[in-house]
Amino acid sequence: RKEVEQDPGPFNVPEGATVAFNCTYSNSASQSFFWYRQDCRKEPKLLMSVYSSGNEDGRFTAQLNRASQYISLLIRDSKLSDSATYLCVVRNSGGYQKVTFGIGTKLQVIP
Amino acid sequence: DAGVTQSPTHLIKTRGQQVTLRCSPKSGHDTVSWYQQALGQGPQFIFQYYEEEERQRGNFPDRFSGHQFPNYSSELNVNALLLGDSALYLCASGLRDRGSYEQYFGPGTRLTVT
């Protein structure tokens, strides 16, 4: 089983739609969780950290479910500019912060 | 505030050659991690440097080595290049003592091995 699993998509959604991505992780000792956004042929950029209580940043909401070992990202009112690959990232325990990326979920928002 | 910078942006090498990639971390950051991202894949962790030492290593052969300098900048060296080493190489920096460990990536070096 992969350490971090994501559905690669693509998810094709109309402008204004709400879309949700899930990501599962295998190491129950994982400590920190993040969503990154990566545009085509560009570097990943931090979208948001994921906290145990859940957190929201504008149209984006991230949730963590430790019992089921998954994190989610919800995007409301999708914009054309949201089209990108969304990478799930998990940091495991240990002194030097090894992180593992998922394969990424591709989102295409269509007019 | 300068972000993470990497050089060169693109590189073409022949099988068997050696390559050195460079990274300068974001101002104030003290850790540097290197990742390999093949087409259609997520970034794969190569190794991380802190205080000029390799602290963590992913599942990469010894052909991949690195260095961190006193000014926190870093190099990634790859020897005996294989066609499969063609990828985007990403450098990310962060703060060792920051509990949540948010990383910031450079634009990457696109390596093509022919």
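Note on naming: letters A, B, ... go to the chains in the order of the sequence lines (proteins, then strands), and numbering restarts at 1 for each one.
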Side-chain heavy-atom pair A/Val99, B/Gln103 within 4.5 angstrom cut-off: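 When only atoms from C-beta onward are counted, B/Gln103 and A/Val99 do touch, with a gap below 4.5 Å.
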Flag side-chain contact, heavy atom, 4.5 Å: B/Phe45 against A/Phe101: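 They are not in contact (no side-chain heavy atoms under 4.5 Å apart), so the answer is no.
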Positions in residues 102-111 of chain A that reach chain B, provided some heavy atom is under 4.5 Å away: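 Those residues of residues 102-111 of chain A which have a heavy atom under 4.5 Å from chain B are A/Gly102, A/Ile103.
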Reported CZ-to-CG distance for the pair A/Arg41 and B/Leu39, which is rounded to 0.5 angstrom: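 Those atoms lie 7.5 Å apart.
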Same apolar cluster: [X] and [Y], side chain cutoff 4.5 Å:
X: B/Tyr49; Y: B/Val19; result: yes
X: A/Trp35; Y: A/Leu74; result: no
X: A/Met48; Y: A/Val4; result: yes
X: B/Leu95; Y: B/Tyr72; result: no

Greater than 12 external heavy atoms within 6.0 Å of [X]'s [atom1]:
X: B/Arg15; atom1: CZ; value: no
X: B/Leu82; atom1: CG; value: yes
X: B/Asn71; atom1: CG; value: yes

Nearest non-hydrogen partners of B/Gly42 and A/Leu87, listed with the distance: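 Looks like CA-CD2, 4.2 Å.
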Part of residues 105-114 of chain B lying next to chain A, heavy-atom separation under 4.5 Å: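 Within residues 105-114 of chain B, the residues that come under 4.5 Å of chain A (heavy atoms only) are B/Phe105, B/Gly106, B/Pro107, B/Arg110.
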Contacting moiety of A/Gln38, where chain B heavy atoms sit under 4.5 Å: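 Answer is side chain: those atoms of A/Gln38 sit under 4.5 Å from chain B.
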Sequence neighbours excluded, every pair satisfying ring pair (Phe, Tyr, Trp, His ring centres under 6.0 Å) that has a member inside residues 58-91 of chain A: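 Listed by first then second residue: A/Phe21-A/Tyr86.
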Where at least one partner belongs to residues 10-29 of chain B, residue pairs that pass ring pair (Phe, Tyr, Trp, His ring centres under 6.0 Å), sequence neighbours excluded: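 Every ring pair (Phe, Tyr, Trp, His ring centres under 6.0 Å) pair that includes a residue of residues 10-29 of chain B, provided the two are not neighbours, is B/His29-B/Tyr104.
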Per-residue contact mode, B/Gln37 against chain A (heavy atom under 4.5 angstrom):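 For B/Gln37, the side chain is the part near chain A, not the backbone.
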